[in-house]
Every structure is written in C-alpha cells, then in structure tokens.
Amino acid sequence: MINSNLNLLIGLAMGLNLLALGTSRLPALIRAMSAQGVILGVMPILMGHELDWQVVLVALATVAGKGLLIPSLLRRAMRTAQIDRELDPQIGFVASMLLGAGGTIAALALTHQLPLLPEHSGSLLVPGALATVLTGFILLIGRTKAISQVCGYLILENGIYLFGLLLIKAMPLLVEAGVLLDLTVGVFIIGIIVDRIQRAFDSLDTRKLTTLHE
Amino acid sequence: MTGLLLLPAVILLVMAVVVGARWPRLWLGFTLAGAGAALGAALTVFPSGGGWEWQSKFLLGGETVHLRLDGVSAVFMALAAVVGGAGAVYARGYWPDHGHPATAPRGRVWWSALVLSMLLVLTVSNGLHFLMAWEAFAISGYFLLTLDPRKPAVRAAGWLYLATSHAGTVCLFAFFTLLAARTGGWDLGPLRADASCAPLFWLALAGFGMKAGFFPLHIWLPSAHANAPSHVSAIMSGVAIKMGVYGIVRFSGWLPVPPAAGWVVIGLGALSALLGIAFALAQNDFKRLLAYCSVENIGIILIGLGAALLGREHGDAGWGRLALAGALLHVWNHGAFKTLLFFGAGSVLHATGTREMSRLGGLWRRMPWTAGLFALGSVAVAGLPPLNGFVSELLIYLGLFDAVAGRQASAWAAMPAVIVLAMSGALALAAFAKAGAIIFLGAARTKPAAAAHECDGWMRGPMLALAGICLVLGLAPVLLWPALASAAAAWHPAWAGAMSPEPLATLGWVNLGLAATLAAAGSWLWRKVRANNLRRAPTWDCGYGVPSAKMQYTSGSFAGLAAGWFGWVLRPVRTLRRVRGHFPAHALRLERVPETVLERVVFPAGGYVMEVSTAVRRLQHGRLSAYILYVVAGLAALGVLVFMESLP
Amino acid sequence: MKSLLDLILRLDCWLLLAPLLPGIINKVKAWVAGRRGPPVLQLYYDLARLWKKSVVMSTLASPAFVILPAVTWVALLGAAMLLPLGPLGAGLSFRGDALLMLYLLALGRFATAWAAMETGSAFEGMGTVREVSYAVLAEAAMIAAVLSLSVQSGSLSLATMLTPSLGASAVLLAAGLFIVLLAENCRVPFDDPNTHLELTMIHEAMVLDHSGPPLAAILHGASMKLLLFAVLLVQAVLPMQHLQPLAAAGLLAGGVLGVTVAVGLVESLLARFAFRRVPLLLTAAFLLCLFALLVAWKGGVP
C-alpha cells in the first residue's frame, strides 16, 4: 500500500515532467518544477521506515529548498530582470513533449531489463528517476532562456535525487549531504545567472541612454 | 478446369499483342476475353483451395516449364485480370487513335504485354522463368509509361523507373541464384523447413520492395504515376506495385524467414503508411497525391503482412491469419478504388489538361459523373464505412488488437501500428477531402476548368464497374471469405482450418443497413428541403463586395496546417514575399514539397559517388608508360604482401 | 417484440435527450456569469423552427450540399447506437464495433467537410482545414483510449470493453477523453461555439451557409455527438456493471450531467486557446490516453 502511494507520487512527478516540457510560460515551468520538488520532498517520509529524525530532516530540507526557496528566488530574478514570460524553444513544445513521453516509456521498458533489488522491482523509482533526468536534459538543450536553463538543471537534479532515494535506508546522511550539496550548487548558479542578467540589462540601458543623448 | 481457362487466357492475350497495333476492336475483344478467362481461372482455384499445378517436359532455357496457381497467386491474378480489362476499355476513350495516332497502337500492344507478363509472373514456378517474366513485366511497364516520350518529364520519369526497377532486379537475381545454389535447382516451391534459406528474405524484401514502393524505396513511384497516361497509372498503382507485394507474400510463405522479419515489415509498413499519406496531403498535383497515397496503402498492406509474420512466429496465432486476410483483402480493395480514382483523375486531366489542383475547381457542374465516382472512391480510400476500404482495415485492426491482447512481445509492435493506422486513416480523410474539394467543388479557378467536359462512355463504364466492385466488396465482404481463406491456407498450411468469418458477416449486414439508412435519410431530407422551398443565392462571404474564385482555399492552404506538423520530413521549399505597407502592391507565397528522399538523399549520395569516380578516373589517361608503372607497383605490392606473409 | 421496444427506447434516448445538453451548458454559463440565460429547451425550439423554414443554397453548391447533413446525422446516430447505454446494454454488438464507431464519426466528419467545401467560401475552407487536421491528433488519442480499454478488458466490443476499474488508468483516461470531447465537439478552449468572428471558429465556420432542415440535422447531430462522447467518457471511467439497473441508469445520467456541467464550467472559466497551442493540448490528450494504456497493460488482468 505504501509502495503504491509512492508510485502514485512518482507518477505525478512524471506527469509534471511532461507539463514542464509542454508549457510555453516561464511561471508555469517554475510552478511545475517547485511542485515536483515538494512531491519529492514528501517521498522519504512515505518510504516505509520508522520516522527517523534524519529522514524527516531530509524531507523538510528538500521541501523548503526545492519547493519554496529556489522557486521564490527564481521568481524574484524574473521580476527584477524583467524577463519575458514566454519561453522561446529550440525544440518545439509538442516535439519535446513527445520526446519526454518516449523517454518515459523507454525508461519503463529499460527498468525491466535492469538487475534491481527485489524490493525495488515493483517501484517506479528507477524509471521515474531516468525520465526526470531525461526531461532535465531536454529542457537544458531545448530552451534558451537562462532561467529556463536553471529550471532544466533543477529538474535534472530532481532525477538524481530520486536515484538517491534508493539508498536512503542504507545511508540517510549521504542523501542529506547530497541534497545540501545540490542546493548549494543550485543557489550558486542562480546567483551567478541573476547577476549576469542584471548586468546585461544595466549595460543595455546605459547604451540606450547614450544614444538618446546623441 | 483452371488450366483449361488459363491456356485460352494466355493465347488470347498473345493474340491481342499481335493484333493490337492494327485492329483496335479485335484487340479490345481479345484483351477482354483473355482477362475474363484469367479471372475465371483465378476464381476456380478458391473453392477447391488446393491450387493447380502443371509440369511439362518442354524445356525453356534449359529448365522444364512448371506452372502453379494457388490461393495467393490467384488473389493477385483476379485483380490483374479485372484492372487489365477495365483499363483496356478505358484506354479506348482516354488514349484514342484519333487523338494519339502515333502512340495509341503501341500503347495497346504493350498493355496486353503487361497483363500477359503479369499473369506469367503469377504462374511460373521456376526461378529462371520468374526472372524472365519479371523482366518482361518491367520492360512493358516502361514502354507503357513512356507512351508520350516528347515530354522531358515523361522521359525522366521513365528513366528513373527503369533504373530503380533494375536495381530491384539485381537483388532478385542475387536472391534466385542464391536460392538455386542452396536448393540445387531453379524449381520453386514450399521449402518451409530449410532454415538456411531464411537470410535470403532480406534480398527478396529489397528486390520486391523496390517494385512495391514502400517508404524509402518509393523514389520512382510518384513521378512515374504522375507522368504516365492515366490508365497506365491506374494499372501500375492498382496492380503492378502489387506484384512486389506478391513477391514478398509468396516467398515469405514458401521460405522460412528470419525472426526479425515481422518486426521489420511492420515497421516499414507503419513508416510508409504515415509518411506516405503525409506526403500525399502536401501535394498539389492530384496524380502525385494519388501516387503517394499508394505508398500509404502499401504500408497498410505491409502492416497486415508484418502482423501475420509475427503471428506465425509466435505459435501460429489466429490473429496472424486475420491480419493476413486483411492485408490480402486490402490488396484487392486498393486495386479497386485506386484504379477508380486514377480513372477519375484521367478524366479530369483529359477534360482540363492540367494536373494542378489549384487551377481547377467547380468541376462537378460539368462532370457530375466523374465527381460522384471520385467522391465514392475517396470515401473508400479513406477507409470509411460502408465501403470496402473499411472492411480490410477492420480485419487488420482486429489482428493487431488481438496481438495486443495476447500480451506477448509482438504486442509492442502491434500497439504503435494501431496508432499509426488510425492516424494515417485520419490523414487520408484530410487528403481526399482536399483532393475532392479543390478539384470538384466551389467555383472554377481558371478558364480551362470552367470549360471542362464530361468523359465519354468508354471511360465512364469502367469507372462505374469499379465503383460497383467497391460497393459490393463493402456491402458483402463475406463473399470474399473463401478466397481469403484459401490464400491464407496457401501461405501457411497450419491456418487451413475453417474459421467462422463472424466479424465479416456482421459487418456486411451493418454496412448494408448503414447504406440503406443513408440513402433513405438523404432522399428524405432532399424531399423535405424541396417541399420547404429551395432558393439559390450567392455564398455568404462576410459582406465582402467583390468575391472572386481566387479567394477560395487552394490545395496548399488546405494542407498547410497538417503538413506543417510533418515539415521535418517533408522539407518544403518556400518562397515568401511579405505584405508591406498600407496598400501592398503584391505579396507572394509559394510552397513546393520536393521528392524529399530523392532530392535530399539519393541525388546527393549519387553526386558523391560521381565525384569519387571522377577522381579515380584520373588514373585512366592512356599513357602507356604510366600503365606499366601501375603494373610494376601492383607487382611490388603483391610481393611485399607475400613476403610479409612468409615472415614468422 | 422486446427488441423492437428496446430499439425504440434507445432511439428515444439518443434523439430526444441529446438536445438537452447544449441547453444545460448554456444555462451553466449563464449561471456563472450571473445572467438568467436562454431556457434549457432552447435547442428544441430552434430545431422545430428550422425544420419548417425554407432553404437558401449557394449558387455554387450541388444538391449534395443539402443531402450530406443527412449523411452526417445518420453516421452519428449509427455510432451512438453502437454504444451501450448503461442497463440497456448495446443494441448491436460484434468484435470490432468500437472501431466501427470511430470510423462512423470519421464518415460524419468527411460528409460535413465535403458539404462545407461545396460553397467555395474561404471561411468554410478555414473551418474544414482545422476540423480535418485536428482530427488527426484526436483520432490518435481516441484509438489509444480504445486500445487501453481493450487491454483492460481483453475484449474488442463496446458492450464488454467498458468495464472500468477505478485507479490511475481511469483518471488518466478520463482526463484524456475529456480533452478529446472538448476538441471533437468544438468547445472552448478549442473553438468558441458562441463567437461570431469567423476567424476563430472551426465547426461553426463549416456550417455557415446551411439553413432550414439541413441545419436542423447538423445541430441535432452535433448535440448527439456531444451526448455520445459524454456517455462514452462516463462508461469508460465509472464502474456500473455490478449495479442494479435503476442505479446504473441513475449513475449514467448523473455522470453525463456532471460532464455537461464541467464543459459549461470550462467554457465559463477558460478563454479559447491560440490555434498554435491546440496541437499541444491534443498531444497532451494523446499522451494521457497512451499512459492510461501503459498502466492498463502493467496492472491489468493477465
């Protein structure tokens, strides 16, 4: 029963992957990503172990980081840099959605071939992780805006986190450390990119002013 | 009985070849009688199910003559006979002596030669003789195709046809010689146990596939079908490409096939079905549209055949037989409605002199018969009930759905095939709604279209006959069951048992009821409208003052939306001059879909080969001293090789 | 005798109840907007009025222009008669009738498209192109849905294949079929049935030039199509085969009512999509049905 609840959550996360690939609006992309983060955050609690404080900590950290902190940072960046809300795709939305769906099906088929532990065989963890990683890659390749790149990166990282959940029973601290590391990298990247964008816009503004002066 | 009918068929057709040039009436009589006898011969095979075989002491090319007609070949022979006869009648109106004094006699001779050689291909049971008949068939096709050699486009199409046809024949030479080498003789027959012959299937698939024209090998087909005279396009599309299908069906039935064969065939079929109809939708030339639609239908047939191969592979599953029956029935159906459509296209071409849809329009007024029959053919080709296209597609669907329900590995081939089949059906509907609407409906776009004339009785008669066949096959498909069952048994003897054609019987009644209800409701509404008072007025055009025929949707704008989704493979060439300013002088948007595989893949590859060969050709310059140098260098190289070998 | 009664009852259900649905949708829309709106029976009045009116026909059109609406109507009615109606079951059932239903819908589409092109009007051309093109994607979604139902039940006739089990598959299927319902019946967000701006229409643009009894046949056919999709959606998702006949009928009616109200709500709360986003939504419907198929494949009976 717990396993099926987990599968339901992973299924939702996979659906959010397709939503992220299909949407043409930046805010929707950020929403899909943060919802996925929250879903992933809840997962460790449902993994069927006694409520260890470490596990709860991992869950709380993930929900706070992926679900609240990073999306709000991204939204702020979007506002301050006045980025256009429309995404401009290099791979069309329909095409990337079909690619993502094809990848998901391939991941499901592949998982049958992999030598997994019996406790993981009925679970969607591995295909979900593969599909999410693939979604991240498609977003990274197929979208040009800086913020959508960050979203792509974060979805990719969600996939890696799903892989990490396979190990949570053995080494919860490792997973936690991985989460924190990812968070640091994510925030780091956002910082750099937001800074870059703001600088670019500033310089653009000054040039406009000079042309007006002339 | 079969032999008694087949012999006169051959004799009559030979006589038709002889008299064709001088006596057109006699020729027509002989051809029709020959076709009738061949049809009769094919029909006698079905009830017995056993087939007919005849071996003589007579030697031809060092081999004894061995003839055979079983369920599989009889299905194709019946089709060849019907289309061969109908086309002969049609040609009298379409390509008459007074219109084409130089070419009409030649056309008659080659027509009978084509039908005759196809009958021989279907009956000979010896590899060497098969190749001879196949070559005669290809050559007579070439001469029919280039009946009007003054046009450069026709010559180019003929050359392409000849080149690709022989590329296919090369594969067939390899196939038959390797087969003869393995079996120790040229004689053909069932060899289902000899596993060493299995890899030869790929050669047969390539060789016969070139003629069948499935997707990557279809390069010759659009230009040949578009440029040939329409009755020739009809027999090429309706029957000649089916000879390729016949080859694949025949030798996949007689010989063992590799395990991957079913997967490859179903994949090629799905590819052809989807891309063929996508290309068809994007065409502006209506004969090219029909040609690409043939690629789609070959794809549908291959989907059925691939499912049959998978079914045979997975323990003689019953769904394989359903799919095979569907594929063979689709061979028949496509032959009937595509011939009808090409005859209709010929009638339009005859009346207006153009193949471009965007120059036509409103033809129903001048050509009501052609318009109605073309519409009927369109409904059939789109696979809509109550006509015949739906029956065969339903059989293939049933086979595929059962394959999915079987939950074996083959389900993974069947599921995508079902989805592709449904999508190509919807695209075919769009393509033929477009063809019918742009050619026949609305207002005439040019003067020739406004001055069109209805075709004469010689052309209308065969069209009516074929429309009747479409209707009968749709309303009473159960009549065909014996033929399909005997063909399935000949293909795979384990499927010989009787299977109740329950879906077919029910479907026949449903189609009959549907057709009756449609007719009743239509006439009722018409009468009601007449009773309520019918008034004519101009089309409502949003208050625009000066409506013109040019404001109608053209073939390009009709296809634009859906063809845009396939832009990644269609690769249209666009010329665009945008609208500028408040009072734009003129704007332009031209879009042409090239023969993508030919122009983007085959030609560049050929160009590369030419470049390499030109570079190599520099070695060949005629200076004797240099040649001696080559010989010395070669000897030295050989010596070094031998020396290296001798080293420990 | 019993079968005759059954036939009459079934015909009554489809012919008489179908025009209720557009009325309910309009009532819901009016209610959300705070208006009183037209009466629920408005379409009945319209049909009666149109049936008595005379017909104006384009000078370019052939007699087929007034006959083809009858073809569409018969095709839609035929498709509806194949669909089981809760406790009534299916009127006619054979292997593959699900496919016949899909192809009858296609026949209706072909007839409508042909009639629309008869007039030679650019508006009708525009509507026809959109209708036949979007149908390609909708058809893919429909066949995936039929496949998933067939995998789930191991059957290929509508009478036995509509035996759903509650679960992820049903949810996915419901979402996918609902999108297809909106697309095939030309509702918001694909098309706006109320608009009078021809550039934004699909179905309405195709029937602009029809009048009198043929228009009545078209409107009645459209309402039957809506009812057909609603009934299909409800029976594909809600398990009712073990219920008492009366309860099943009630559940079916309630489900159809729910779907209709949902359509009305979607129409009130959502704007029509830009046409370039329509393929995206239809692809999403296809993928939903495809994943329903995969779930059914994995979790279904062996």
Side-chain angles (χ1 to χ4, degrees), chain A residues 1 3-25 28-29 32 39 85-89 91-112 121-128 130-131 134-135 138 142-143, chain C residues 130 133-141 143-145 147-148 151-152 165-180 182-183 189-190 269-300 302:
Chain A
M1 200 56 222
N3 205 12
S4 79
N5 276 340
L6 193 66
N7 276 353
L8 190 66
L9 283 186
I10 299 174
L12 273 181
M14 286 158 123
L16 286 169
N17 281 339
L18 295 184
L19 195 67
L21 287 172
T23 181
S24 60
R25 296 294 181 109
L29 178 57
I39 289 173
R85 287 146 49 98
E86 291 285 323
L87 291 169
D88 35 6
I91 304 175
F93 297 116
V94 173
S96 35
M97 221 156 92
L98 288 175
L99 268 178
T104 309
I105 294 170
L108 285 167
L110 187 71
T111 314
H112 277 286
S121 63
S123 143
L124 283 176
L125 260 181
V126 177
L130 284 174
L134 191 79
T135 306
I138 296 174
R143 304 282 182 272
Chain C
R130 288 170 183 163
S133 304
Y134 294 145
V136 176
L137 301 176
E139 193 92 351
I143 200 82
L147 253 178
S148 117
V151 162
Q152 198 172 299
S165 55
L166 285 175
S169 171
V171 174
L172 290 168
L173 203 61
L177 280 178
F178 188 67
I179 298 178
V180 173
L182 294 177
F190 294 93
L269 304 178
L270 225 61
R272 198 184 56 74
F273 273 8
F275 275 118
R276 66 189 162 81
R277 284 175 68 191
V278 167
L280 193 71
L281 196 58
L282 281 172
T283 313
F286 166 62
L287 290 179
L288 284 167
C289 293
L290 191 66
F291 280 104
L293 166 61
L294 290 180
V295 173
W297 173 272
K298 278 193 79 87

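When every heavy atom of A/Pro89 is checked against every heavy atom of A/Ile91, the shortest pair comes out as CB-O, 3.2 Å. Closest of all the heavy-atom pairs between C/Leu293 and C/Ala144 is CB-O, 4.3 Å.
For chain A, the nearby part of C/Leu287 is the side chain; its heavy atoms alone come within less than 4.5 Å. In this structure, chain A has a heavy atom under 4.5 Å from the side chain of C/Leu290, while its backbone stays farther away.
Note that the CG atom of C/Leu172 and the SG atom of C/Cys289 stand 8.5 Å from one another [nearest 0.5 Å]. In this structure, the separation between CG on A/Leu124 and CG on A/Leu130 is 11.5 Å, given to the nearest 0.5 Å. Here the CD1-CZ distance, from C/Ile179 to C/Phe286, works out to 13.0 Å after rounding to the nearest 0.5 Å.
In this structure, the side chain of A/Arg143 does not engage the main chain of A/Ile138 through any donor-acceptor pair within 3.5 Å.
For residues 96-105 of chain A, the interface with chain C (any heavy-atom pair closer than 4.5 Å) comprises A/Met97, A/Leu98, A/Ala101, A/Thr104, A/Ile105, sorted by residue number. Contact residues of residues 9-20 of chain A toward chain C are A/Leu18 (heavy-atom distance under 4.5 Å).
By the 6.0 Å and 45° rule, C/Arg272 stacks over the aromatic ring of C/Phe275.
When the side-chain hydrogen bond (donor to acceptor under 3.5 Å, both in side chains) test is applied to C/Ser133, no partner is found at least two apart in sequence or on another chain. Legend: residues meeting salt bridge (charged side-chain N to carboxylate O under 4.0 Å, His left out) with A/Arg25, ordered by chain and number and at least two apart, are A/Glu86.
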What verdict does the side chain to side chain contact (heavy atoms under 4.5 Å, CB included) test give for C/Phe190 and C/Leu282, after you've listed the backbone C-alpha separation in whole Å, the side-chain angles of each residue and the deciding distance to 0.1 Å?
CA-CA 10 Å; C/Phe190 294 93; C/Leu282 281 172; 3.8 Å; yes
